[in-house]
Amino acid sequence: MISVDRMRRLGGVSLLALSTVAAASLAFPIQNSAFAQETEIRPPFAAAVPDGAPMSFADLIETVSPAVVTIQASGSADPSALVGPDMEGMPPQFREWLERQFGDQQRGRVQPRRSLGSGFFIDAEGHIVTNNHVVAGADEITVGLSDGTEYDARIVGLDEQTDLALLKVDADVEFPFVTLEDDANYRVGDWVVAVGNPFGLGGTATAGIISAIGRPIGNATYNDFIQVDAPINRGNSGGPTFDLSGNVIGVNSQIFSPTGGNVGIGFAIPSDVASRIIDQLKNDGRVARGWLGVSIQNVTDDIAEALGLEQTGGAIVSSIVSDSPAAQAGFEREDVVLEINGEEVEGSRDLTRRVGAFSAGEEVRFRVLRDGRERTLRVTLGDRPSEDDLNSMQNEGQAEAEASYFGMQLMPMSDEDRERYGIDAGTSGLVVDTLERGSEPAQKGITSGDIILEAGGTPLATPEDFRNAVAGAREDGRSAILLLVETRGGQRYVALQLGEDEE
C-alpha cells in the first residue's frame, strides 16, 4: 500500500496513475479506517451493477451446461471432390514432388472427413439439436457430455436450407436437457450466454448482448438470424444461445470473421424457426415445404417502369416450371405477385419464404398484376423437390425462357453477369446467350455474352420485353430498332433493321 508521504513525493504523477490507485482501493478494501480518513482517498465513482445486468452468470451456466454436448463427426470425403494438379507434361522432378503432395488425390483414394462442433439435448430421451454442416455426410457421430461420458449418436433428420440437424442417442439414460423456446421474446441489447466447444476446448461459456435481429445472411432463404456479440468461434456451431432464464433463444450457426476467429459478430438461428424445423425432423425425418414452381425476381425501378407500374414491390415471375402448381393454376411470365392470402409481398425473398412456410397440399390465394389488371389465382402447393431436382427444373425453365430474336438467343441477366460487367444491382438487361453466324447482330459487332440493356429506349428484363419493344417500333412505323448494348469495351448503340418476319 502506498504511504501518504510517498504519494506526496509523486506530485508529478499523471492523473491516470492516481486513478489507478483509487481503483485499487475499490478492489482491495482498506483495513485501517483511521488511515483512510487521514489520506482522504475517495473513489471517483460508486461500484454498482447496471439495471438488468447480472452480478454473475455462474448459476445460469452451472444449470444449463450439462445439456450442452461436444459433437465429433467423421466420414469419407467424396474422392471426385479432391482435385490435384494436372501433371501431364510436367518435368519429372516437379511431377515427383507433386505426387508426394497430392498423391492420394491423384490415385483417387478416399480421404477421411472430420468435423467438430456443439449441440444440446432438447429432451430426456436423447434428442440433440446441432447444425447440418457439422454432421452432414458423417458415417460416425460421437457426442461428449460435460462429465466426460461419450455416446454414439445417429442422424434423425437434416435440413440444409436452415442448417439444422436432429440427432438421437439411444441409451437407457435420462439426459439433462434445455428448452428450445418456440415463442422467444428478446430485444436488441438483451444479455445472452453462449455455451459450446470452441476450437475443441470443450464446454466454454461466453456472454454478450443481442446486436441485431432479423439479419439476412448469405443464401439463407428460409430464416433470418439473431446477431450476437457473445464470442462465437469455430466449434461453437450447433451450440445454444441462452437468455437469462436459461431458455434457448438461438442455435449458433455462423460467424463473420476475416481471420477465422471471433471479431464480435456471430449469428444464431432464431429458436422459433429451429423449433418448427426440429418438430418436423422429429416426426417425419425431413422438412416438407410448400412449392409453387416459378423463378422470380424483385421488381426494380427499371422493371416497374417497363411494366408501367407506379411503384416497386412484389415479385415478378420470370419463368414457370412445366406441370408445376403455378403452371396448373394459370400463372404467366411477367405476372407480378402482390399478395399471398391477403398479405402484401415485399419481394422475391419474402415470397419464397412465405410459400415455404406452407405445407404441401395447402391451397393458397395469390393476388397478381397482369397487363395492368389485378386478379386472384388459387394454387394447391406442391412438395418442394430436392435442391438437385430444383436446379434441373430451373435450368429447363431457363432454357424455355430463352427466345430467338434477330438470330440471338436472349435470357435474363444474372448476378454473375452484373458482376462481370460491373453493372449496378438495380439494372436489368438481357444476355446474348448464343448468336447465329452471319446474322445482322453478329455483323454489327454483337457477340455472345454481350448484354442488351434497352430496345427502342425501353429497359429490358425479360425476352418478352424485347418482343414487345420490337412490336411497338413496328406499330410506330419505324424501319429499325435501336439497342443499347453493354460490351466488354463499354456501352454502345446498335440499330437493327426490322424485317417483316423478325420477332
Side-chain angles (χ1 to χ4, degrees), residues 159 161-162 216 220-224 272-273 276-277 279-280 283-284 286-300 303-304 306-403 412 461-465 467-468:
D159 185 47
Q161 294 297 322
T162 55
T221 303
Y222 293 101
N223 62 283
D224 289 328
D272 58 337
V273 174
R276 185 174 66 251
I277 297 301
D279 282 346
Q280 291 191 56
N283 294 329
D284 304 321
R286 61 183 292 269
V287 177
R289 293 185 172 90
W291 179 61
L292 184 58
V294 295
S295 294
I296 54 176
Q297 62 189 87
N298 289 327
V299 178
T300 62
I303 293 177
L307 294 174
L309 303 179
E310 295 182 357
Q311 59 186 15
T312 59
I316 186 170
V317 176
S318 57
S319 65
I320 302 170
V321 176
S322 300
D323 298 325
S324 66
Q328 295 171 8
F331 269 87
E332 296 182 5
R333 291 182 189 140
E334 292 191 22
D335 281 351
V336 178
V337 182
L338 303 175
E339 296 179 354
I340 299 178
N341 283 354
E343 296 184 2
E344 184 177 342
V345 172
E346 297 178 359
S348 59
R349 183 187 180 94
D350 182 39
L351 175 60
T352 301
R353 179 174 301 178
R354 287 165 63 182
V355 168
F358 290 106
S359 300
E362 285 192 62
E363 184 179 272
V364 181
R365 300 189 318 276
F366 292 84
R367 190 74 170 169
V368 303
L369 181 66
R370 180 186 302 168
D371 299 329
R373 297 177 54 191
E374 293 186 9
R375 62 191 69 200
T376 299
L377 301 176
R378 296 180 181 273
V379 183
T380 300
L381 298 177
D383 190 350
R384 180 181 173 87
S386 68
E387 291 305 304
D388 290 341
D389 290 342
L390 276 177
N391 291 334
S392 176
M393 292 176 184
Q394 288 172 353
N395 291 336
E396 291 176 4
Q398 194 173 52
E400 292 175 0
E402 296 178 357
T462 66
E464 285 77 9
D465 292 340
R467 180 192 64 201
N468 294 336

Tell me every residue that passes side-chain contact (heavy atoms from CB on, under 4.5 Å) with A357, counting only those two or more places apart in sequence or in another chain.
none

Residue N283 excluded, over 12 heavy atoms near CG under 6.0 Å
yes

Nearest heavy-atom contact between Q161 and N223 is O-OD1, 4.1 Å

Applying side-chain contact (heavy atoms from CB on, under 4.5 Å), name anything that partners D323, two or more places apart in sequence or on another chain.
none

Minimal heavy-atom distance between P412 and A461, with the atoms involved, is CB-O, 3.8 Å

Applying side chain to side chain contact (heavy atoms under 4.5 Å, CB included) to E334 and D371, what does each step give before you reach the verdict?
CA-CA 9 Å; E334 292 191 22; D371 299 329; 5.8 Å; no

What I'd like to find out is whether the side chain of V355 reaches to under 4.5 Å of the side chain of V364, using heavy atoms alone.
no

Apply side-chain hydrogen bond (donor to acceptor under 3.5 Å, both in side chains) to R375 and list each qualifying residue two or more places apart in sequence or on a separate chain.
none

What one should report as the nearest heavy-atom pair of L377 and A329 is CD2-O, 3.8 Å

With E332, which residues qualify under side-chain contact (heavy atoms from CB on, under 4.5 Å), at least two apart?
D335, R370

Could you list all the ring-ring contact (aromatic ring centres under 6.0 Å, His included) pairs where at least one residue sits in residues 323-348, not counting sequence neighbours?
F331-F366

A326 and G293: which non-hydrogen atoms are nearest, and at how many Å?
CB-O, 4.1 Å

Mind checking side-chain hydrogen bond (donor to acceptor under 3.5 Å, both in side chains) for S348 and listing every partner two or more places apart, or none if nothing turns up?
N298

Is the shortest heavy-atom distance from the side chain of V337 to the side chain of I296 under 4.5 Å?
no

Going by side-chain contact (heavy atoms from CB on, under 4.5 Å), name the residues that satisfy it together with E374, two or more places apart in sequence or in a different chain.
L338, R367, L369

Applying side-chain hydrogen bond (donor to acceptor under 3.5 Å, both in side chains), name anything that partners N468, two or more places apart in sequence or on another chain.
none

Salt bridge (Lys or Arg N to Asp or Glu O under 4.0 Å) partners for R286, two or more places apart:
D383

Flag side-chain contact, heavy atom, 4.5 Å: T462 against R333:
no

Of all residues at least two apart in sequence or in a different chain, which pass the salt bridge (Lys or Arg N to Asp or Glu O under 4.0 Å) check with E346?
none

Measuring from atom CZ of R384 to atom OH of Y222, what distance do you get when rounded to the nearest 0.5 angstrom?
3.0 Å

Side chains of R349 and D224: does their closest heavy-atom pair fall under 4.5 Å?
yes

Using the side-chain hydrogen bond (donor to acceptor under 3.5 Å, both in side chains) criterion, which residues pair with N341? Sequence neighbours excluded.
none

Only pairs at least two apart or in different chains count here, so list each ring-ring contact (aromatic ring centres under 6.0 Å, His included) that has a residue in residues 332-351.
none

If you take all heavy atoms of S359 and L381, which pair is closest and at what distance?
O-CB, 4.4 Å

Exercise: identify the closest heavy-atom pair between D159 and R289
OD2-NH2, 2.7 Å

